[in-house]
There are 2 protein chains.
Amino acid sequence: MNENPNRFQQMCKKLKSSGYKLTPQRMAVIKILSERTDHPNPEKIYSLLKKLLPTTSPATVYKTLAILKKLDEVLEIQYSNQSNRYDGVKPAPHPHIYCKKCKKFSDLELLLHGQLIEEIKDSTDYEIESIYLSIEGICPDCKSSVS
Amino acid sequence: MNENPNRFQQMCKKLKSSGYKLTPQRMAVIKILSERTDHPNPEKIYSLLKKLLPTTSPATVYKTLAILKKLDEVLEIQYSNQSNRYDGVKPAPHPHIYCKKCKKFSDLELLLHGQLIEEIKDSTDYEIESIYLSIEGICPDCKSSVS
DNA sequence: ATACGTGCAAATACTTTGCAGGCTT
DNA sequence: AAGCCTGCAAAGTATTTGCACGTAT
C-alpha cells in the first residue's frame, strides 16, 4: 500500500544535501511525517514528537515544516480556518477529500486529473506551478452514523 | 461581462428573507461584494466600507461575511496563510487561478469542470458538498515584467 | 571557535466573542 | 419595550520571531 517506503531516508537526504543539519528533532519530525498518511497538523505532530523527545517545542515543529515545505518534501494543505495539515508521504499536490464531520483528509485518485492539468496548462497564459483540488463532504462512515 | 447584474438585490433579499435585518452596514458590505470581482479580503472590504460609513468596525465586516457565507451568498476562498478572500459575484465554488507575484485571484473557466464533478461523484462514497480547485502560478503580466 | 539549531517566551496576524449602548419596529 | 445590530475592546487561535543557550563539527 505504501507507495514510497523510503520517504524517511529521502527526506533526511534532501535536508542534508540542502545544507541543513540532521538533528534528532528534525529526524523525529521526518519520521512522523514519513509514516503518517492521515495529514496531521502541527499540533498533532508536536504531540507525537513529545513522546519521542519530551522537551521539544512547537516552534521546532513549525520550523522543520517550513524547511521541508521549501524543499518540496512535504505538502501543506490549507483548509478552512483550521490549522494546516501536512503530507510528507506524497509531497506533490494531489486531490484530497475532506469529511466535514470527522475532519479526516483522505487522498483521492482521479482519472481525469492528468487531463485536467493539460487543460489548465493549455487554457491560460499563466506559468502554472501547482494545482490544488480539494473536495469536501461527508464520508461514508459519518453518513451512516446517526450523527 | 457581468454575469449577474442583480447580485446586490439578490443578496439583500436573501438576507431579509432569512430573518436578518438590512442595516446600512450590511447593505454597504453587500454593495462592495456585489461589485468586486477581485476577490477582496476582509481588510480590503473594511477599508472600502469605511469610505461609505466612517465609524464601522472590522467586526461588522466579519459578522456580515459570516452570515453571507452561511447563506451561500458569498464564496470564501482560502489560500496559503493569507487572510481569506471573498467572492460575492459568483458565490458557487468555481476554479481560481492565483498569481504568486501580484497576489491576484482570477476566475478560470474549465471545460472539464463538469466532467470532473461527475467523476468525483461517481468515484467516492462521500456525499459531496463542494469542490475547490485552485491553481497557482505566475500571471502573464508578472512573467513579462523584469522580476 | 564558529555556525547552526533549539526551546522558551513574546510578538504577530487574523478572526471571534462579550458586552454596553443604540436603533428599529 | 423588546430584540437585533453595531462597534469597541478583549480574547482566542495559529504561527512566527528574537534571543540566549547548547551542541556538533
Side-chain angles (χ1 to χ4, degrees), chain A residues 11-12 14-33 39-71 74-86 103 105, chain B residues 11-12 14-33 39-71 74-86 103 105:
Chain A
M11 288 197 262
C12 289
K14 183 70 165 283
L15 251 202
K16 196 139 201 202
S17 67
S18 305
Y20 295 98
K21 290 193 178 152
L22 255 184
T23 64
Q25 288 88 340
R26 287 176 179 167
M27 286 177 70
V29 171
I30 289 174
K31 187 144 214 310
I32 291 164
L33 287 170
H39 314 86
N41 61 16
E43 194 191 350
K44 177 77 185 175
I45 295 167
Y46 174 57
S47 77
L48 294 165
L49 179 63
K50 258 196 307 195
K51 289 180 191 164
L52 303 170
L53 300 167
T55 66
T56 42
S57 70
T60 298
V61 173
Y62 282 105
K63 285 169 183 169
T64 305
L65 288 171
I67 294 169
L68 293 172
K69 182 181 156 192
K70 194 168 61 183
L71 299 178
V74 85
L75 175 68
E76 188 181 74
I77 307 164
Q78 288 107 25
Y79 178 74
S80 198
N81 296 335
Q82 300 176 23
S83 66
N84 291 338
R85 306 292 199 94
Y86 293 87
K103 301 185 188 307
F105 264 100
Chain B
M11 286 197 263
C12 289
K14 182 70 166 281
L15 251 202
K16 196 139 200 205
S17 68
S18 304
Y20 297 98
K21 291 195 178 150
L22 256 185
T23 64
Q25 288 86 343
R26 287 177 180 167
M27 285 178 71
V29 172
I30 289 174
K31 186 145 214 312
I32 291 163
L33 287 170
H39 314 87
N41 61 17
E43 194 190 352
K44 178 78 185 171
I45 296 168
Y46 174 58
S47 77
L48 294 166
L49 180 63
K50 258 195 306 194
K51 291 180 191 164
L52 303 170
L53 300 167
T55 67
T56 41
S57 71
T60 298
V61 173
Y62 282 106
K63 285 169 184 169
T64 305
L65 287 171
I67 293 169
L68 293 171
K69 182 180 156 193
K70 194 168 61 182
L71 299 178
V74 86
L75 176 68
E76 188 181 74
I77 307 163
Q78 288 108 25
Y79 178 74
S80 197
N81 296 335
Q82 300 176 23
S83 65
N84 291 339
R85 306 294 197 94
Y86 292 86
K103 300 184 190 307
F105 263 101

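The figures here come from the full heavy-atom set of this structure, side chains too, leaving out hydrogens, waters and symmetry mates.
- Looking at heavy-atom distances under 4.0 Å, B:Pro58 makes no contact with the nucleic acid at all.
- For B:Tyr20, counting side-chain heavy atoms from C-beta on, the closest listed nucleotide (D:dA9, D:dC5, D:dT17) is D:dC5.
- To the nearest angstrom, C1' of C:dT16 lies 9 Å from NZ of B:Lys63.
- Here D:dT15 presents its C1' atom at 16 Å from CZ of A:Arg85, a figure rounded to the nearest Å.
- Other residues, nucleotides and ligands place no more than 12 heavy atoms under 6.0 Å from the NZ atom of B:Lys31.
- In this model, the phosphate group of D:dT6 is not approached by any side-chain N or O of B:Thr60 to a distance below 4.0 Å at OP1 or OP2.
- Between A:Thr55 and the phosphate of C:dG7, there is a side-chain N or O to OP1/OP2 separation shorter than 4.0 Å.
- Across all strands shown, B:Asn84 has heavy atoms under 4.0 Å from sugar-phosphate atoms exclusively, and none from any base.
- Taking for each of B:Lys21 and B:Tyr62 the nucleotide of DNA chain C with the nearest heavy atom, the 5'-most of the two is the partner of B:Tyr62.
- Scanning both residues, A:Val61 and A:Pro42, for their nearest heavy atoms gives CG1-O, 3.9 Å.
- One can place NZ of B:Lys44 at 18 Å from C1' of C:dC14, the figure rounded to the nearest angstrom.
- Of all heavy-atom pairs between B:Lys16 and B:Leu22, the closest is CD-CD1, 4.1 Å.
- Ring geometry, A:Tyr79 versus A:Phe105: the interplanar angle exceeds 60°, so the pair is classed perpendicular (tilted spans 30 to 60°).
- Here the P atom of nucleotide D:dG12 and the CD atom of A:Gln82 are 20 Å apart, to the nearest Å.
- Nearest-nucleotide positions on DNA chain C for A:Tyr46 and A:Ile67 put A:Ile67 closer to the 5' end.
- If you take CD of B:Gln78 and P of C:dC14, they are 15 Å apart, rounded to a whole angstrom.
- At the phosphate of C:dT6, OP1 or OP2 sits under 4.0 Å from a side-chain N or O atom of A:Thr23.
- Going from atom CD1 of B:Ile45 over to atom P of C:dT15 covers 10 Å, rounded to whole Å.
- OP1 or OP2 of D:dG7 lies within a sub-4.0 Å distance of a side-chain N or O belonging to B:Gln25.
- Whole-Å rounding puts the A:Leu22 CG to D:dT23 P distance at 18 Å.
- Surrounding CD of B:Glu43 are at most 12 heavy atoms belonging to other residues, nucleotides or ligands under 6.0 Å away.
- Put simply, CE on A:Met27 is 15 Å from C1' on D:dA24, counting in whole angstrom units.
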